[in-house]
*Asks:* 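Input: one structure, supplied below.
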Amino acid sequence: ISDDATVVLAGVVENAKGEAVRGEVFVIPQDGNAPRSIGPVQHASAIAFFRKSHDIVIADDAANSVTMVSDAGTAAARKWTFTDAGLPAPDSVQVSPDNKTIVAGSSRSQHLAMMDAGGANAVFVSCVCAPTEVHPLIDAAIYQLTEVTSGLLWILDSNPLNPRVLFVPVPSESDPQ
């Protein structure tokens, strides 16, 4: 859902058993009309909106790609697609709060890629966790990569000069304060 709540998107897998993976991303109209396809994908594993915009990025783990689509609510034009062996099977994606950086992760390969808003200048970071989500925290350069498991939360410090993945110990509710 876009931050102005006017565009709702859904990724749908359409393949039958034995067929190659394929799907589409749809805009769900607020007026009750039928959903409208904004384009085919193999498998939309994650979708993120740019802030104050209807531009989006789609992580496609089956196609090993991240694609930027401008104006997903109306014209829906593909602007660029990022593919690199350093980020196989991306299944999480997020746009930074300032719209300047895109962070994509692969829980399968335990890698992250940070790229500029044009899908270029990628920096790769490996991690010992499986980044299942990418959510900005307080600072635009810090992202949550996992839910808390076994008392640990994994985060990405996306400082372009020294990007790194760190763990933060989180006390359980049963731990004394």
Side-chain angles (χ1 to χ4, degrees), residues 1-16 21-84 87 89-108 112-123 130-148 153-158 160 163:
I1 301 174
S2 62
D3 54 7
D4 65 0
T6 62
V7 179
V8 176
L9 301 175
V12 178
V13 177
E14 300 175 334
N15 60 306
V21 177
R22 64 183 171 87
E24 290 187 70
V25 175
F26 290 90
V27 173
I28 313 297
Q30 294 182 354
D31 61 9
N33 285 329
R36 178 180 53 82
S37 174
I38 65 168
V41 293
Q42 287 186 30
H43 178 250
S45 49
I47 301 171
F49 280 90
F50 283 77
R51 304 297 184 268
K52 298 183 182 194
S53 171
H54 295 158
D55 296 347
I56 62 168
V57 284
I58 303 168
D60 187 330
D61 58 350
N64 297 311
S65 66
V66 175
T67 300
M68 190 271 188
V69 177
S70 67
D71 197 13
T74 54
R78 288 179 185 244
K79 293 297 184 184
W80 54 259
T81 297
F82 171 85
T83 59
D84 191 287
L87 186 71
D91 52 10
S92 57
V93 70
Q94 187 58 259
V95 179
S96 66
D98 64 4
N99 287 344
K100 293 181 180 180
T101 304
I102 296 161
V103 179
S106 171
S107 61
R108 210 174 301 163
L112 299 158
M114 300 177 304
M115 62 198 82
D116 64 27
N121 302 310
V123 174
T132 56
E133 57 188 78
V134 181
H135 296 291
L137 295 176
I138 296 168
D139 186 303
I142 306 293
Y143 296 87
Q144 178 179 336
L145 301 176
T146 64
E147 292 296 323
V148 177
L153 172 69
W154 290 91
I155 62 171
L156 167 68
D157 174 356
S158 67

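What you are looking at is a predicted structure, and each value in this text was computed from that prediction instead of being measured.
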*Asks:* What distance separates S106 OG from L112 CG, expressed to the nearest 0.5 Å?
*Replies:* 9.0 Å
*Asks:* For the residue pair P40 and E24, what are the closest heavy atoms and their distance?
*Replies:* CA-CG, 4.1 Å
*Asks:* Mind listing the closest non-hydrogen atom pair of I58 and A44 along with its distance?
*Replies:*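 In terms of heavy atoms, the two residues are closest at CG2-CB, 3.9 Å.
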*Asks:* If we only count heavy atoms from C-beta on, is the W154 to P131 side-chain gap below 4.5 Å?
*Replies:* no
*Asks:* Which heavy-atom pair separates P29 from V27 by the least distance, and what is that distance?
*Replies:*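 Scanning both residues completely, I find the closest heavy atoms to be CD-O, 3.3 Å.
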*Asks:* If you look at every heavy atom in S2 and S53, which pair is closest and at what distance?
*Replies:* CB-O, 4.3 Å
*Asks:* Test: salt bridge (Lys or Arg N to Asp or Glu O under 4.0 Å). Region: residues 40-58. Which pairs qualify, not counting sequence neighbours?
*Replies:* none
*Asks:* According to salt bridge (Lys or Arg N to Asp or Glu O under 4.0 Å), who are the partners of R36, at least two apart in sequence or on a separate chain?
*Replies:*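 Not a single residue meets the salt bridge (Lys or Arg N to Asp or Glu O under 4.0 Å) criterion with R36.
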*Asks:* List the residues meeting side-chain contact (heavy atoms from CB on, under 4.5 Å) with P160, not counting sequence neighbours, and say none if there are none.
*Replies:* none
*Asks:* Please lay out, stage by stage, how Q42 and R22 fare under the test side-chain contact (heavy atoms from CB on, under 4.5 Å).
*Replies:* CA-CA 4 Å; Q42 287 186 30; R22 64 183 171 87; 5.6 Å; no
*Asks:* Going by the rule side-chain contact (heavy atoms from CB on, under 4.5 Å), which residues pair with I1 if we only count those two or more places apart in sequence or in a different chain?
*Replies:* A5, V8
*Asks:* Could you tell me the separation between the OG1 atom of T74 and the CG atom of D71, rounded to the nearest 0.5 Å?
*Replies:* 3.0 Å
*Asks:* side-chain contact (heavy atoms from CB on, under 4.5 Å), that's the test. Do F50 and I102 meet it? Break it down for me.
*Replies:* CA-CA 9 Å; F50 283 77; I102 296 161; 4.0 Å; yes
*Asks:* Nearest 0.5 Å, please: how far is CG in L145 from CG in L137?
*Replies:*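 Atom-to-atom, L137:CG and L145:CG are 9.0 Å apart.
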*Asks:* Hydrogens and angles aside, do D4 and H54 bring a side-chain donor and acceptor to less than 3.5 Å of each other?
*Replies:*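 Yes - a donor-acceptor pair under 3.5 Å links their side chains.
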*Asks:* Taking side chain as C-beta onward, heavy atoms only, is P90 less than 4.5 Å from F82?
*Replies:* no
*Asks:* Step by step, work out the side-chain contact (heavy atoms from CB on, under 4.5 Å) result for L9 and F49.
*Replies:* CA-CA 10 Å; L9 301 175; F49 280 90; 3.6 Å; yes
*Asks:* State, yes or no, whether a side-chain contact exists between L156 and V134 at a heavy-atom distance under 4.5 Å.
*Replies:*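 Counting from C-beta outward, L156 and V134 never come under 4.5 Å.
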*Asks:* Taking S107's backbone N and O only, do any of them form a donor-acceptor pair with D91's side chain (distance below 3.5 Å, no angle check)?
*Replies:*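 Yes, D91 side chain to S107 backbone: donor-acceptor pair under 3.5 Å.
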*Asks:* Which residues pass the side chain to side chain donor-acceptor pair (under 3.5 Å) test with D157, sequence neighbours left out?
*Replies:* R164
*Asks:* If I compare all heavy atoms of G73 with all of V7, which pair ends up nearest, and what's the gap?
*Replies:* CA-CG2, 3.9 Å
*Asks:* With sequence neighbours left out, what residues match N121 under side-chain contact (heavy atoms from CB on, under 4.5 Å)?
*Replies:* D116
*Asks:* Could you give the distance from CE (M115) to CG (D84), rounded to the nearest 0.5 Å?
*Replies:* 8.5 Å
*Asks:* Mind checking side chain to side chain donor-acceptor pair (under 3.5 Å) for T101 and listing every partner two or more places apart, or none if nothing turns up?
*Replies:* none
*Asks:* With E147, which residues qualify under side-chain contact (heavy atoms from CB on, under 4.5 Å), at least two apart?
*Replies:* E133, Q144
*Asks:* Is the shortest heavy-atom distance from the side chain of S158 to the side chain of P163 under 4.5 Å?
*Replies:*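 S158 vs P163: side chains apart.
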*Asks:* Given side-chain contact (heavy atoms from CB on, under 4.5 Å), test Q94 with H135 step by step and report yes or no.
*Replies:* CA-CA 7 Å; Q94 187 58 259; H135 296 291; 4.2 Å; yes
*Asks:* Does a side-chain heavy-atom distance below 4.5 Å link I56 with I38?
*Replies:*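 Yes, close enough: below the 4.5 Å cut-off.
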*Asks:* For A117 and W80, work out which heavy atoms get closest and say how close.
*Replies:*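 Between these two residues, the closest heavy atoms are O-NE1, 3.1 Å.
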*Asks:* Hey, are D61 and H43 close enough side-chain-wise for a donor-acceptor pair under 3.5 Å?
*Replies:* yes
*Asks:* Taking only residues two or more places apart in sequence, or in another chain, which ones meet T146 in a side chain to side chain donor-acceptor pair (under 3.5 Å)?
*Replies:*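 Listed in chain order: nothing, the list is empty.
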*Asks:* Taking side chain to side chain donor-acceptor pair (under 3.5 Å) as the test, write out the residues that go with S65, two or more places apart.
*Replies:*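 By the side chain to side chain donor-acceptor pair (under 3.5 Å) rule, S65 matches no residue at all.
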